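Note sheet for the following structure.
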Amino acid sequence: MPAVSKASEVKARLRPALLRWFDLHRRALPWRATRDAYGVWISEVMLQQTQVDRVVGYWTRFLARFPSVEALAAAQLEEVLGLWSGLGYYSRARNLHRAARELVARFEGQLPDSVDALRSLPGFGRYTAGAVASIAFGLPAPLVDGNVARVFSRVLEIEGAPPDRAREKALWAAAEALVEGPRPGDWNQSLMELGATVCTPLRPRCGACPARAVCGALASGRVESLPAPKKPAARKVLELQVAVARRGGAILLARRAEQGLFGGLWELPSTEGRLEALLGRRATIGPELAVLERVLTHRQLVLKLWVATVPARLGPPPEGYLAWRWVPQEETASLGMSSATRAVLERVASG
DNA sequence: CAATCGTGGTG
DNA sequence: TCACCAAGATT
């Protein structure tokens with residue numbers, strides 16, 4: 001049976017059961033204490049590819065500093081990245097900031113209450129537009145995230161592995177068929193909550209699942225094998241030479257161009273080539289200090305730290321950087337930096 | 001459409 | 001130790 005017609009058959013039984021379960025088991029998350037569309041938006045962007053527990057603190061600090069679209073739009077990107085520091089996928093913060101400015105320019109500082117208008121903003125893909133539309137505005141907008149995909153894969157026995165086109169189509173068709181009805185925002189959240197806490201990738205708790213009566217995979221004994229795993233990402237080694245230049249209580253940091261890996265963030269001046277070429281003739285490179293490794297999704301970073309002596313008066317920033325300056329130790333905490341850079345600073349400070 | 005873009009928890 | 005993974009978007 002096609003997944004869509006199976007979905008409509010399942011709908012009458014699943015919808016009430018899952019909404020009732022959600023009313024009983026929903027976690028008390030800070031963004032659920034508000035119906036403010038802005039707060040919902042920030043939470044949805046932070047939650048992209050990021051687990052709930054990690055987001056809570058970031059969301060609370062972010063909302064305290066930027067309580068509205070206007071406050072975010074008025075800020076400098078650098079400060080936004082400072083509050084995003086350590087959360088990863090920094091293009092999310094850059095897009096958030098751009099979108100806030102577009103909202104002020106085009107929508108009087110209000111999030112528009114339509115999926116199409118939301119999708120015209122930076123950082124709003126199909127998922128995030130559906131999430132804001134349904135959760136903040138109560139619109140019957142479908143969404144599919146990793147949790148929903150897993151729940152539907154199992155309940156409706158949808159085959160294939162991401163990013164298979166037919167599978168994507170079937171998932172979104174099911175989401176659209178099922179979201180129609182009362183409480184669309186709660187419905188979408190109940191699916192995600194179920195996926196996050198019960199219908200988990202490993203060792204799902206089928207005995208406690210409100211969908212067990214209608215779950216195709218449970219009936220056919222395929223819960224552990226659905227959905228099919230996706231192929232792992234290829235990881236390339238990125239070896240960087242890192243300049244550790246200190247002067248008094250300050251360290252030399254440079255701000256990366258606002259695109260690509262770690263775009264817009266501060267770091268110790270680094271290059272895939274030679275530090276002599278990066279820093280110019282007036283700098284001297286001393287002994288190697290240490291080697292640090294960090295693993296990202298698609299990269300294995302190998303950071304080779306070198307003592308560097310750089311004249312106090314800095315010229316224009318090196319290739320690939322927007323700025324550079326001597327940063328006092330105590331000021332590094334508030335700068336937007338990757339966790340890799342934090343680790344480098346930690347290593348430099350301790351030895 | 002396949003690659004890019006982070007991070008830390010988990011088994 | 002290491003592969004796997006999490007409320008995706010963009011190019």
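Chain letters run A, B, ... following the sequence lines, proteins first and then strands; every chain starts at 1. This structure is a prediction, so every number in the text was calculated from the model and none was measured.
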### Query
Does the pair A:Arg222/A:Glu159 count as a salt bridge with the N-to-O cut at 4.0 Å?
yes
### Message
Looking at C:dA6, I'd like to know if its phosphate oxygens (OP1 or OP2) sit under 4.0 Å from a side-chain N or O belonging to A:Arg150.
### Response
yes
### Query
Taking the six-membered ring where the residue is Trp, are the ring centres of A:Phe22 and A:Trp187 under 6.0 Å apart?
no
N/O donor to acceptor pairs below 3.5 angstrom from side-chain atoms of residues 333-340 of chain A, sequence neighbours left out:
unit_1	atom_1	unit_2	atom_2	d
A:Ser334	OG	A:Glu331	O	3.3
A:Ser338	OG	A:Ala340	N	3.4
A:Ser338	OG	A:Thr341	N	3.1
A:Ser338	OG	A:Thr341	OG1	3.3

### Any A:Arg126 side-chain nitrogen or oxygen under 4.0 Å from OP1 or OP2 of C:dA9
no
### Task
Write down the distance between CD (A:Gln259) and P (C:dT11), rounded to a whole number of angstrom.
10 Å
### Sub-6.0 Å ring centroid separation between A:Phe62 and A:Phe66
yes
### Query
Do A:Arg167 and A:Asp164 sit within salt-bridge range, that is, some charged N less than 4.0 Å from a carboxylate O?
no
### Task
Send over the distance from A:Leu143 CG to C:dA6 C1', rounded to a whole Å.
15 Å
### Task
For nucleotides 5-11 of chain B, just jot down a letter per nucleotide in 5' to 3' order: B, S or -, based on protein non-hydrogen atoms under 4.0 Å.
BBBB---
### Gap between atoms CH2 and C1', on A:Trp172 and C:dA9 respectively (whole Å)
12 Å
### Query
P atom, B:dG6 versus C:dT11: distance in rounded Å?
14 Å
### Query
Quick one: does NZ or CZ of A:Arg94 land under 6.0 Å from the six-membered ring centre of A:Tyr90, within 45 degrees of the ring axis?
no
#### Entry: Euclidean distance, atom CH2 of residue A:Trp84 to atom P of C:dG8 [Å, nearest integer]
12 Å
